[in-house]
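Sequence positions, counted from 1, serve as the residue numbers for this chain.
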Amino acid sequence: MTDATALPGQPRGGVLSGPATARAVNVLAPNASPMTLDGTNTWIVSEPDSELAVVIDPGPLDDGHLRHVIDTAEKSGKRIALTLLTHGHPDHAEGAVRFAELTGTGVRALDPALRLGDEGLGHGDVVAVGGLELRVVPTPGHTADSLCFHLPADRAVLTGDTILGRGTTVVAHPDGRLGDYLDSLRRLRSLTVDDGVHTVLPGHGPVLEDAQGAVEYYLAHRAHRLAQVETAVENGHRTPDEVVAHVYADVDRSLWPAAELSVRAQLDYLREHGLI
């Protein structure tokens, strides 16, 4: 058995669904896969003494899951007042319109195409519902529209797919860009250093107890992969699929299509910086 404290970010053991902090409860969607890990984490966030709650990432269009999220909130005496999206990938956002119908809420997102209602989300925004405060942190890279939500009262950050509870995320080229992603990771590192954030509430996988350790691991991993890709090109592996086969030889082949997206982003980054 692996010691969880020795893993990057110190993942929390036990069941994924249920309370994670004083203000955040996870409802795990039934969409497990190699890309979504155990499934999408749908987060219900609220002040303990408030009747109002915010839901982050309703998840896939699965009526059973969406109703389960509502039931979980109602059993705690909460009414869902607002829906937020970390980004537009279907495993996070596909169920948002249906969820809005079921709850009568608006949907706020960075991408105007994903919004229901007049309000979007952007840098510096603070979402306030029933005494709860969520600060919007723009974190493009995985996708152009990726956001994180800083929950100061719990010293936590909800990261969507920018940081996962297990493994590392994909820079989804061409929408995602590696330079943006590295900047976003540095922005999250600042939250851990300057704002005392210590808990990661990810979009997939377990809660991470060491936010700074997780961010440092991600930055080191990206630097390592980038060096591997640069070396692969220098050794004659020119096309993205050739680079994937060389650099990701030890990775399950079912993940190679996703790896190719990251490799394309890395190749673009190396060209932009005159390194290949």
Side-chain angles (χ1 to χ4, degrees), residues 12 14-31 39-87 91-110 114-122 124-137 147-160 165 191 195-204 206-207 211:
R12 186 181 297 175
V15 213
L16 296 186
S17 282
T21 67
R23 291 165 181 80
V25 174
N26 181 27
V27 181
L28 183 65
N31 62 334
T40 300
N41 294 332
T42 295
W43 292 99
I44 303 171
V45 190
S46 64
E47 281 297 309
D49 58 354
S50 173
E51 296 179 356
L52 301 179
V54 173
V55 163
I56 298 173
D57 290 349
L61 184 53
D62 181 309
D63 223 56
H65 170 64
L66 300 179
R67 291 182 184 277
H68 183 37
V69 174
I70 296 168
D71 289 346
T72 301
E74 289 180 347
K75 285 175 182 175
S76 299
K78 311 284 185 182
R79 176 176 66 83
I80 295 163
L82 181 63
T83 302
L84 306 177
L85 298 177
T86 61
H87 65 297
D91 56 317
H92 294 257
E94 185 186 41
V97 172
R98 175 59 176 154
F99 191 71
E101 291 173 356
L102 292 171
T103 58
T105 63
V107 177
R108 295 180 63 180
L110 178 62
L114 299 171
R115 301 172 188 168
L116 287 176
D118 297 330
E119 290 189 285
L121 290 170
D125 284 351
V126 176
V127 178
V129 173
L132 178 76
E133 180 182 293
L134 288 165
R135 299 176 185 172
V136 178
V137 184
L147 297 172
C148 292
F149 297 99
H150 177 201
L151 178 55
D154 283 349
R155 297 172 64 193
V157 60
L158 297 106
T159 55
L191 283 183
D195 295 280
V197 166
H198 61 67
T199 302
V200 172
L201 306 176
H204 303 277
V207 170

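- Residues satisfying the salt bridge (Lys or Arg N to Asp or Glu O under 4.0 Å) criterion with Asp63, sequence neighbours excluded, are Arg67, Arg98.
- By the side chain to side chain donor-acceptor pair (under 3.5 Å) test, Thr72 is found to be paired with no residue, residues two or more places apart in sequence or in another chain being considered.
- Residues passing the side chain to side chain donor-acceptor pair (under 3.5 Å) test with Arg108: none are found, sequence neighbours excluded.
- For Arg135, the salt bridge (Lys or Arg N to Asp or Glu O under 4.0 Å) partners at least two apart in sequence or on another chain are Glu133.
- No side-chain heavy atom of Val25 sits less than 4.5 Å from a side-chain heavy atom of Ser76.
- Here Arg155 contributes atom CZ and Thr21 contributes atom OG1; the two are 12.5 Å apart, rounded to the nearest 0.5 Å.
- For the side-chain contact (heavy atoms from CB on, under 4.5 Å) criterion with Asn26, the lone passing option out of Val15, Val207, Leu16 is Leu16.
- Between the CG atom of Leu110 and the CG atom of Leu84 there is a distance of 12.0 Å, given to the nearest 0.5 Å.
- Here Thr105 pairs with Thr83, Thr103 under the side chain to side chain donor-acceptor pair (under 3.5 Å) rule; sequence neighbours left out.
- The two residues Val54 and Leu134 come nearest to each other via the heavy atoms CG1-CD1, 4.2 Å.
- Taking the side chain as every heavy atom from C-beta outward, Val69 and Ile44 approach each other to under 4.5 Å.
- At a threshold of 4.5 Å between non-hydrogen side-chain atoms, the residues Thr42 and Phe99 do not count as touching.
- Evaluation of the salt bridge (charged side-chain N to carboxylate O under 4.0 Å, His left out) test over residues 47-59, restricted to residues two or more places apart or in two chains, returns Arg23-Glu47.
- Residues Leu147 and Leu85 have side chains not in contact (no heavy-atom distance under 4.5 Å, counting atoms from C-beta outward).
- When all heavy atoms of Cys148 and Val157 are compared, the closest pair comes out as CB-CG2, 4.0 Å.
- Smallest separation of non-hydrogen atoms from Pro48 and Ala22: CG-O, 3.8 Å.
- The shortest distance between side-chain heavy atoms of Val45 and Leu158 falls below 4.5 Å.
- The shortest side-chain heavy-atom distance between Asn41 and Leu201 does not fall under the 4.5 Å cut-off.
- Listed here is the closest heavy atom pair of Val107 and Ala100: CG2-CB, 3.9 Å.
- Checked against salt bridge (Lys or Arg N to Asp or Glu O under 4.0 Å), Asp91 has no partners two or more places apart in sequence or in another chain.
- The two residues His65 and Pro60 come nearest to each other via the heavy atoms CD2-CD, 4.4 Å.
- Every residue two or more places apart in sequence or in another chain was checked for a salt bridge (Lys or Arg N to Asp or Glu O under 4.0 Å) with Glu94, and none qualifies.
- The side chain to side chain donor-acceptor pair (under 3.5 Å) check on Thr40 picks up Asn31, with sequence neighbours excluded.
- Not a single donor-acceptor pair under 3.5 Å links the side chain of Thr86 to the backbone N or O of Gly160.
- Contact of the Leu52 side chain with the Ser46 side chain is not registered, since no non-hydrogen atoms from C-beta on lie closer than 4.5 Å.
- You'll find the side chain of Leu116 reaches within 4.5 Å of the side chain of Val97, heavy atoms only.
- Pairing each heavy atom of Lys78 with each of Ala53, the nearest pair is CB-CB, 4.1 Å.
- Residues satisfying the ring-ring contact (aromatic ring centres under 6.0 Å, His included) criterion with His204, sequence neighbours excluded, are His92.
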Leu121/Phe149 under side chain to side chain contact (heavy atoms under 4.5 Å, CB included): CA gap, chis, key distance, verdict: CA-CA 11 Å; Leu121 290 170; Phe149 297 99; 3.7 Å; yes

